[in-house]
Amino acid sequence: MCDSACNPVQKPEDCCSSMELPVLKPCIPIPIPEEQLLDVIDKSKDWAIMHGAGMRSKANFNPDVMQFAPFVLVPSSFPRKEFEKAVKLQTILNELMHKVAHDTDFLRSTLANTIQVDEFTGNLFRIYEDILKTCSNQVRFFEFLFPAIT
């Protein structure tokens, strides 16, 4: 069995004695008796619709018909160590996204070619620029009203 805490620099063959992948134990006892499984499936579909996980079919659109969005019935196990790595990494990614979103010059230069050929991105970027203009006017107005604060 492979140790999931292998050094990422090591080759898999140096780290693991065999090429088997680690298997995590399920969160709930499996298999589930069929009668209970069918009951859980029906209740899960109802819950999904009642809690906003509904959608309409594009292929057979009918404004009077909703279906549940796809979901996973049984939760998947996930190694805690890997989860904690993702949590730590998330704050770094949030900061990066924040800095990129607030660097207008970087966005303009990076997206210059894309906004010319991709209609969706072009429309999003125009919305972004409109918001920037509106916000900058609001900031100037705020500075006019409260000069001591700014």
- Is the number of heavy atoms from other residues, nucleotides or ligands within 6.0 Å of CE (M50) greater than 12? yes
- Query: Given side chains that start at C-beta, do those of M55 and M66 come closer than 4.5 Å, heavy atoms only?
  - Reply: no
- Query: Are V74 and I30 close enough, and set up right, to give a side-chain contact (heavy atoms from CB on, under 4.5 Å), and what steps lead you there?
  - Reply: CA-CA 9 Å; V74 180; I30 297 179; 4.0 Å; yes
- Note on the structure: d(F125 CZ, L107 CG) to nearest 0.5 Å is 6.0 Å
- Which pairs, with at least one residue in residues 26-39 and sequence neighbours excluded, count as a salt bridge (charged side-chain N to carboxylate O under 4.0 Å, His left out)? D39-K43
- On a heavy-atom basis, the closest approach of I49 and G54 is CD1-CA, 4.0 Å
- Task: Tell me, please, which residues at least two apart from L93 pass side-chain contact (heavy atoms from CB on, under 4.5 Å).
- Result: L89, Q90
- Item | Side-chain ion pair, E95 and K99, N-O less than 4.0 Å | yes
- Before accepting this row, confirm whether a basic side-chain N of the pair R126/E129 lies closer than 4.0 Å to the acidic partner's carboxylate O. no
- Task: Measure the CG-OG1 distance between L111 and T121 for me, rounded to the nearest 0.5 Å.
- Result: 7.0 Å
- Message: For a quick test of reading the model, state the closest non-hydrogen atom pair linking T104 to L132 and the distance between them.
- Response: OG1-CD1, 3.4 Å
- Task: May I ask you to decide if the ring planes of W47 and H51 are parallel, tilted or perpendicular, using 30° and 60° as cut-offs?
- Result: parallel
- Going from CG on N60 to CD on Q67, what distance comes out if it is rounded to the nearest 0.5 angstrom? 9.0 Å
